[in-house]
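Just so it is clear: chains get the letters A, B, ... in the order the sequence lines come, proteins before strands, and each one is counted from 1.
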2 protein chains.
Amino acid sequence: MQGGRPGVRRVRMIDVANSLGLSRATVSLVMRNSPLVSEATRNAVLAEAERLGYIYNQAAANLRTQRNDLVGLVMPDVMNPFVAEVSLGVQEVLGEVGFFVMIANTVDRVGLQRQILGSLVGHRAAGVVTIPALTATADDFAGLRQSGLPTVLLLRRIDGVDLPFVGTDEAAIGRLGAEHLTAVHGCRRVAYFGGDPLASPRVGRMESFRRAVTEAGAGWDAAWSQPLDATADAAYRRAAELLEAGPPPDGVLCHSDNVAYGLAKALRLGTPEAAPCAVLGIDDLHQSAMWNPSISSIATDPVELGRVCGRVLLAEMGMPAEGSRVPPAPEMHARASCGCHRATRPAGRAG
Amino acid sequence: MQGGRPGVRRVRMIDVANSLGLSRATVSLVMRNSPLVSEATRNAVLAEAERLGYIYNQAAANLRTQRNDLVGLVMPDVMNPFVAEVSLGVQEVLGEVGFFVMIANTVDRVGLQRQILGSLVGHRAAGVVTIPALTATADDFAGLRQSGLPTVLLLRRIDGVDLPFVGTDEAAIGRLGAEHLTAVHGCRRVAYFGGDPLASPRVGRMESFRRAVTEAGAGWDAAWSQPLDATADAAYRRAAELLEAGPPPDGVLCHSDNVAYGLAKALRLGTPEAAPCAVLGIDDLHQSAMWNPSISSIATDPVELGRVCGRVLLAEMGMPAEGSRVPPAPEMHARASCGCHRATRPAGRAG
DNA sequence: CCTTCGGTTTAGATCGATCTAAGTTAGCCC
DNA sequence: GGGCTAACTTAGATCGATCTAAACCGAAGG
């Protein structure tokens, strides 16, 4: 709630108009590229505006027109490469039709999220795409709902909030992972490793994974399937701890590639060559192919996911939106960490 | 340039006022928590506002007060974890004094950057922090300069633009890298690997690195020091290519950790055990410690860098800013990739 | 009883744009 | 010359708030 420049008086439309003996309305028409003004006037106005250093005040225009071109993308973690890439898709679709997408970072704190959403409502933004903070509840979205601000929930569901939702196909991810581990690698005992218990994707994925894996006759390792922060570091420490206690399951679906990185490091640390463990990540970050061993991962095209999200928001705003509104299907990208490809020269297999 | 809700008529301050037989001014005072209104009126107003579903219009207020709480953080790549973390620091410092920081993504395209900066000026933002797009020139900032919008340049310098600048200490980074490779590891032939030729940090780092390394009596490998996209993939391909042609230098300072990842993968691929190569990254991303081999890296605390940047912007806006306005000094974080620590069990040394 | 005073409240102008409906031209045709 | 049209241009209200300066009001003071 600060700002504003000191110094010389700002120049307004009326200054340009007076300076030319025209009315504000005419200058306004020029600024908006209306075909109603003659070429001569248009040029004169543009030249004079330039000369006076006039800067169009979009904020004032927005107030009058009751319109806004700002769309807020509210997310808990800009550092997560997956969501960062999703933002590209959102921006692509919305930018195309003239919206201005800006990202606000909640750092996964509900208080901050609340404040940001409130600010967006107060500024009369055109729309909001949000990945809710982990501990968010329906209450946190009550204000949003009431304000009528077009909103799309991304990636994380919230109980009791019936806003449109766009996310990855968790059931398919679980099934893909299960099938790959059991059918391709013949795993006999598996786990779902990592992920915050509050994260809605975890629930869906783990459930379908566990069902599919059980149907395939594999055992479930409950100890390895406890929830956990979705960071590489937390995964590393937990895995190291569990490895002390005994051999790992022979197949693990990790909550994210980040988690897989931590697990891969722990496995490298001390697993006897005799107990190989097939590791699968989720998200397929760019780096996963660079990793040693390269990380097998279940990918959902993040940019396309973002585009879908953008289109759903457009629809929500009552605008035409061409293209699919169904999130892309996940795909298995098999590499070395599950044992599909040999690891590169000097290092051994994944586990 | 769209948006606006359909449905019932919006409720304004005057509606709340009329409904209570008060004036707009009084309601306005309540909304701004002025001590001028009596407790009784305040409560009545708040209750009535709640009842009518009134939502304060910050945009209208901003127009009248000529103030704004929006600060734009304009960056070329939200997916880069280093800059993402810098944004945390900026947000921390500015959020503390009531500013609302939002991030806009230029995807390193000057056209888009121009458009975004223009939009920020047009919306009368309170200030801007920007990491210029790679190909940006002074022209791209002419409008910004003229508008008087308080601006800070982050990480990348632009010739001919005298806006305040905050960035890492490139000379120190070059020196640290040189010293580590020559004095600690006794490297005899080194290179600076990767980085776009247009990126201003590359120039500063490489220059000081080369000077220090030459003074220490080590040779310079020009072929390995050619510029290159700062991605892991580009680094991998280039390194693989160069390795075909002959042995690598025995010490390499990489433009970033991402570049180091690519190089590490290439080295794993085919280096004969006989030709070890010490690899150093820059930025020390969180993942670098997880890598195999763990990546040695020269770190500048990104969050603190962001804080410094926020403080410089505050000063630029004529506001008090407590705390340092000098970027933190870089530090060497030695791990396995340069040979400082043994790599973890199964794999061999870095190269 | 009138004045003064501090605590509240308010009318009217204002921020910088857009919109509506009406006004001004010039040109053309009969 | 008058009427009509097409092409521009404009005055005044408006968006939803804040600001200034003045008004109101009950109590205390003279």
Side-chain angles (χ1 to χ4, degrees), chain A residues 1-5 9-45 48-49 52-69 119 121-126 147, chain B residues 1-5 9-45 48-49 52-69 119 121-126 147:
Chain A
M1 216 65 46
Q2 315 282 350
R5 252 85 45 246
R9 181 155 179 66
R10 304 165 301 283
V11 6
R12 312 170 309 253
M13 253 185 194
I14 198 173
D15 299 316
V16 178
N18 287 343
S19 166
L20 286 166
L22 288 173
S23 73
R24 291 160 301 147
T26 305
V27 178
S28 174
L29 290 173
V30 171
M31 291 304 160
R32 285 176 291 156
N33 289 313
S34 159
L36 291 178
V37 287
S38 70
E39 202 54 31
T41 337
R42 152 165 290 115
N43 293 334
V45 167
E48 191 64 7
L52 297 179
Y54 168 70
I55 296 171
Y56 181 78
N57 189 327
Q58 183 67 55
N62 287 348
L63 172 60
R64 178 64 241 245
T65 59
Q66 302 283 54
R67 242 165 283 189
N68 200 345
D69 58 353
S119 204
V121 170
H123 279 95
R124 300 292 189 269
S147 76
Chain B
M1 214 67 47
Q2 315 282 351
R5 252 88 42 247
R9 181 156 178 65
R10 304 165 301 282
V11 8
R12 313 169 308 248
M13 252 184 196
I14 199 172
D15 299 315
V16 178
N18 286 344
S19 166
L20 286 166
L22 288 173
S23 73
R24 291 159 301 150
T26 306
V27 178
S28 174
L29 291 173
V30 171
M31 291 305 162
R32 285 176 290 155
N33 289 314
S34 160
L36 291 178
V37 287
S38 71
E39 203 54 30
T41 335
R42 153 165 290 117
N43 292 335
V45 167
E48 191 65 8
L52 297 179
Y54 169 69
I55 296 172
Y56 181 78
N57 190 327
Q58 183 66 55
N62 287 347
L63 172 60
R64 178 64 240 246
T65 58
Q66 303 283 52
R67 242 164 283 185
N68 200 344
D69 57 353
S119 204
V121 171
H123 279 95
R124 302 293 190 268
S147 76

Might you list the N or O atoms of the protein lying below 3.5 Å from N or O atoms in nucleotides 26-28 of chain C, with each pair's distance?
none

I want to verify a distance call: between [options], whose nearest atom is closest to the [X] side chain?
| X | options | result |
| --- | --- | --- |
| B:Arg10 | D:dT9, C:dT9, D:dC15 | D:dC15 |
| B:Arg12 | D:dC15, D:dA17, C:dC15 | D:dA17 |
| B:Met13 | C:dT10, C:dA17, D:dA17 | D:dA17 |
| B:Leu36 | C:dT9, C:dA17, D:dT10 | C:dT9 |
| B:Leu63 | C:dA17, D:dT9, D:dG16 | D:dG16 |

When we call it a touch if two heavy atoms are under 4.0 Å apart, what does [X] touch: a base, just sugar-phosphate, or nothing?
| X | value |
| --- | --- |
| B:Leu22 | sugar-phosphate |
| A:Gly21 | sugar-phosphate |
| A:Ser38 | sugar-phosphate |

What distance separates A:Ile14 CD1 from A:Ser19 OG, expressed to the nearest 0.5 Å? 12.0 Å
Just verifying a value: how many Å separate B:Glu39 CD and B:Asn43 CG, rounded to the nearest 0.5 Å? 5.0 Å
Figure out the [atom1]/[atom2] separation between [X] and [N], and round it to whole Å.
| X | N | atom1 | atom2 | answer |
| --- | --- | --- | --- | --- |
| B:Asn43 | C:dT8 | CG | P | 13 Å |
| B:Ile55 | D:dG16 | CD1 | P | 12 Å |
| B:Asn57 | D:dC15 | CG | P | 12 Å |
| A:Gln58 | C:dA17 | CD | C1' | 10 Å |
| B:Asn62 | C:dA17 | CG | P | 15 Å |
| B:Asn18 | D:dG16 | CG | C1' | 14 Å |
| A:Leu29 | D:dT9 | CG | P | 9 Å |
| A:Ile14 | C:dC15 | CD1 | C1' | 12 Å |

Taking the side chain as every heavy atom from C-beta outward, state whether [X] and [Y] have any atom pair closer than 4.5 Å.
| X | Y | answer |
| --- | --- | --- |
| B:Asn68 | A:His123 | yes |
| B:Val27 | B:Arg12 | no |
| B:Thr41 | B:Val30 | no |

Provide the closest heavy-atom pair for [X] versus [Y] in the form atom of the first, atom of the second, distance.
| X | Y | answer |
| --- | --- | --- |
| B:Met31 | B:Met13 | CG-CE, 3.7 Å |
| B:Ser119 | A:Asp69 | OG-OD2, 4.4 Å |
| B:Arg124 | A:Ile55 | NH2-O, 2.7 Å |
| A:Val11 | A:Leu52 | CG1-O, 3.4 Å |

Are OP1 or OP2 of D:dT10 and a side-chain N or O of A:Thr26 less than 4.0 angstrom apart? yes
Counting just side-chain N and O atoms, does A:Ser23 come under 4.0 Å of either OP1 or OP2 of D:dA11? no
Polar pairs (N or O, both sides) under 3.5 Å between protein and nucleotides 19-21 of chain D?
{"from": "D:dC19", "atom 1": "OP2", "to": "B:Arg32", "atom 2": "NH1", "distance (Å)": "2.5"}

Between B:Arg42 (side chain) and B:Ser34 (backbone), is there a donor-acceptor pair under 3.5 Å? yes
